[in-house]
S.K.: 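One structure, pasted below without further comment.
None of the values given here were measured: they were computed from a predicted structure.
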Amino acid sequence: MGFVSSDHIRARFSAAMSEMYRAEVPQYGTLLKLVDASNAAVLARDPALAEAMGRTGDIGRLAGERHGAIRVGTPAELALMRRAFAVMGMAAVGYYDLAGAGVPVHSTAFRPVDQAALTANPFRVFTSLLRLELIDDAALRAEAQAILDARRIVTPGALALIGQAERDGGLDEAAAADFVAELLETFRWHATATVSAQTYGHLLDTHRLIADVVSFRGPHINHLTPRTLDIDAVQAAMPAHGITPKESIEGPPRRRCPILLRQTSFKALDERILFPSASGEPVPGRHTARFGEVEQRGVALTPQGRAIYDAALAAGRLDEDRFGELPDDWDSLRRGHLAYFRYSGARIAPAMLDAAIAAGDVVADPVIYEDFLPVSAAGIFQSNLGDEARGAYGAQASRAAFEQALGTAVLDEFALYEAIEARSLQTITV
Ligand code: OOG
Ligand code: NI
């Protein structure tokens, strides 16, 4: 039948999205160049890092590595995105509740899960579902619901190809190319709103994010984020390239041994849009939604390591040197079971692991964190929605409702990292 791999479709799709967004938001193209140059500089001055990234295969994925973000309006749209991403080998990992941070959404990340797929292309999409139930005004809530229920966010062609892939178990080269082209339409920017200027105004007054999700044909990609090896350097270089970053970097401080995820973004563009009107003459308006972001990824922490990070974050102690108990050297992180590692090298008896590492017979490389951080995500949302967009949502996390909308449970990120570490251990033990 000649199916192409889901890795191949994902890589094509990621590249097509990048090309489209470069045309839509030129500052994104500038940022890509900046990141490429800074990554080359880091690898040139740090041969040990270059060697380690060569060993794990991480170096090959770096140039094409990025994440995007979309916001969907209904459970049916979320379920449809799950099916579309599944064609590209991407599954929903993790649950992020942002209502507590004043943003009326909950989210997951669609991403590849096993090590081979991640090495091939780790493209991820942070996907948020609007929580319409958090809109107080019943009439507006009903209007938004009706608008969302009436729209179709994927083309008939994409829908047919999703069905074909599900039925046949894959797509051949020609069908994969069609699928990528058709699915791209879902995420393209449309400067014409689907609602009147008046309805847009009401939605905007309720929450900027609600206006962004409800007023357009579908979930336009709102940013794409390349991966840098030195986010401080990129943040410092942005103004000289005409890009104004948000004031501070989200996530952990700079360390010798990077952990989790550090991110910074530049402000959303103020864009001209058109509203339909009863007279047939479009009404001009403006909308801010699309922005840029850059991130640095570090080691994935175990539940114990993550608990230390979360406690430091909650206590506002992130900037303290080494924030307490989370050591800043790879061996202590590994021996303390605070972070995940991938092992390679000679075959040894399990009890000899530490000795073999000390002798240089076995190498432990950090497992890269492939997910997101809820507090950082809230900070990224807020910096682009404006601080006035902070709602007061008492509602608790609603993971069960999210999973019901998705049509499946989200995968547990810790179990995935654990499996990557365990599989690598198997390859070196006798
Ligand atoms: C998503 C914001 C979260 C990240 O990198 O944490 C995010 C959005 O604005 O839709 O992309
Ligand atoms: Ni992002």
S.K.: With a 4.0 Å cut-off, would you call Asp136 and Arg141 a salt bridge?
M.R.: no
S.K.: Does a salt bridge link Arg290 with Glu24, judged by any charged N lying under 4.0 Å from a carboxylate O?
M.R.: yes
S.K.: Can you tell whether the side chains of Arg111 and Asp371 come within less than 4.0 Å, N to carboxylate O?
M.R.: yes
S.K.: Regarding Arg188 and Glu185, does a basic nitrogen lie under 4.0 Å from an acidic carboxylate oxygen?
M.R.: yes
S.K.: Looking at Asp329 and Arg256, is there a salt bridge between them, counting it only when a charged N and a carboxylate O are closer than 4.0 Å?
M.R.: no
S.K.: Can you check whether Tyr96 and Phe126 have ring centres sitting under 6.0 Å from each other?
M.R.: yes
S.K.: Just to verify, what does Arg227 make a side chain to side chain donor-acceptor pair (under 3.5 Å) with, not counting sequence neighbours?
M.R.: Asp58, Glu65
S.K.: Taking the six-membered ring where the residue is Trp, are the ring centres of Phe123 and His67 under 6.0 Å apart?
M.R.: no
S.K.: Side chains of Glu293 and Thr225: is there a donor and an acceptor less than 3.5 Å apart?
M.R.: yes
S.K.: Looking only at the aromatic ring of each residue, does the gap between the centers of His287 and Tyr200 stay below 6.0 angstrom?
M.R.: yes
S.K.: Would a line drawn from the ring center of Phe402 to the ring center of Tyr95 be shorter than 6.0 Å?
M.R.: yes
S.K.: I'd like a table of donor-acceptor pairs (distance under 3.5 Å, sequence neighbours excluded) in which one partner is a side-chain atom from residues 80-90, with atom names and distances.
M.R.:
| from | atom 1 | to | atom 2 | distance (Å) |
| --- | --- | --- | --- | --- |
| Arg82 | NE | Leu406 | O | 2.6 |
| Arg83 | NE | Glu166 | OE1 | 3.4 |
| Arg83 | NE | Glu166 | OE2 | 2.8 |
| Arg83 | NH2 | Glu166 | OE1 | 3.0 |

S.K.: Taking the six-membered ring for Trp, are the ring centroids of Trp189 and Phe216 within less than 6.0 Å of each other?
M.R.: yes
